[in-house]
Amino acid sequence: MYPNLNAEQKRRGLTNRQTAAAIGMKTSAFEYKKRAHRFLADECLKLCQLFHCSFDYLFETKEQ
């Protein structure tokens with residue numbers, strides 16, 4: 001999971017369904033990609049634009 005992506009969704013009151021729709025994706029695909037860390041470059045760009053965040057912040061995994 002991407003904790004900052006989840007935080008931005010929550011901050012803006014967006015569900016997975018709403019976020020997926022905003023970037024032109026099915027909800028099930030969006031949820032899978034969040035779990036599997038499998039977003040394509042263009043999907044990452046759309047999410048960064050949607051949330052007005054940098055890639056480094058939005059997709060930080062905090063795995064150490």
Side-chain angles (χ1 to χ4, degrees):
M1 284 272 192
Y2 298 109
N4 293 338
L5 176 55
N6 290 333
E8 292 302 321
Q9 281 183 263
K10 189 172 185 173
R11 185 173 292 124
R12 288 170 174 75
L14 294 175
T15 63
N16 283 341
R17 182 178 184 187
Q18 292 167 320
T19 304
I23 64 167
M25 184 182 292
K26 291 184 178 184
T27 305
S28 59
F30 178 73
E31 290 172 345
Y32 168 77
K33 288 175 182 245
K34 275 177 65 174
R35 283 191 312 274
H37 295 219
R38 299 258 185 211
F39 286 103
L40 299 176
D42 65 320
E43 296 162 346
C44 291
L45 178 62
K46 289 176 185 178
L47 287 165
C48 289
Q49 291 171 340
L50 176 65
F51 293 114
H52 305 285
C53 296
S54 71
F55 175 86
D56 291 340
Y57 165 75
L58 199 59
F59 294 98
E60 184 177 32
T61 60
K62 301 195 189 265
E63 292 178 12
Q64 295 176 350

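As the structure is a prediction and not an experimental result, all values here were calculated from the model.
When the side-chain contact (heavy atoms from CB on, under 4.5 Å) test is applied to Cys53, the partners found at least two apart in sequence or on another chain are Glu8, Phe51, Tyr57, Leu58. Partners of Ser28 under the side-chain contact (heavy atoms from CB on, under 4.5 Å) rule, at least two apart in sequence or in another chain, are Lys26.
Residues Tyr2 and His37 bring their aromatic ring centres within 6.0 Å.
Sorted by first and then second residue, the pairs that involve residues 37-54 and meet salt bridge (Lys or Arg N to Asp or Glu O under 4.0 Å), not counting sequence neighbours, are Lys33-Glu43. The ring-ring contact (aromatic ring centres under 6.0 Å, His included) pairs that include a residue from residues 11-31 are Phe30-Phe39, where partners are two or more places apart or lie in different chains.
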Below 3.5 Å, can you tabulate the donor-acceptor pairs from side chains in residues 13-24 to any protein atom, sequence neighbours excluded?
unit_1	atom_1	unit_2	atom_2	d
Thr15	OG1	Arg17	N	3.4
Thr15	OG1	Gln18	N	3.0
Thr15	OG1	Gln18	OE1	3.3
Asn16	OD1	Gln9	NE2	3.0
Asn16	OD1	Lys34	NZ	3.0
Asn16	ND2	Glu31	OE2	3.3
Gln18	OE1	Thr15	N	2.8
Thr19	OG1	Gln9	NE2	3.1
Thr19	OG1	Thr15	O	2.9

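Nearest heavy-atom pair across Phe59 and Cys48 is CE1-SG, 4.0 Å.
Put simply, Phe55 and Leu47 are part of the same group of oily side chains (I, L, V, M, F, W, Y) that touch within less than 4.5 Å, one to the next.
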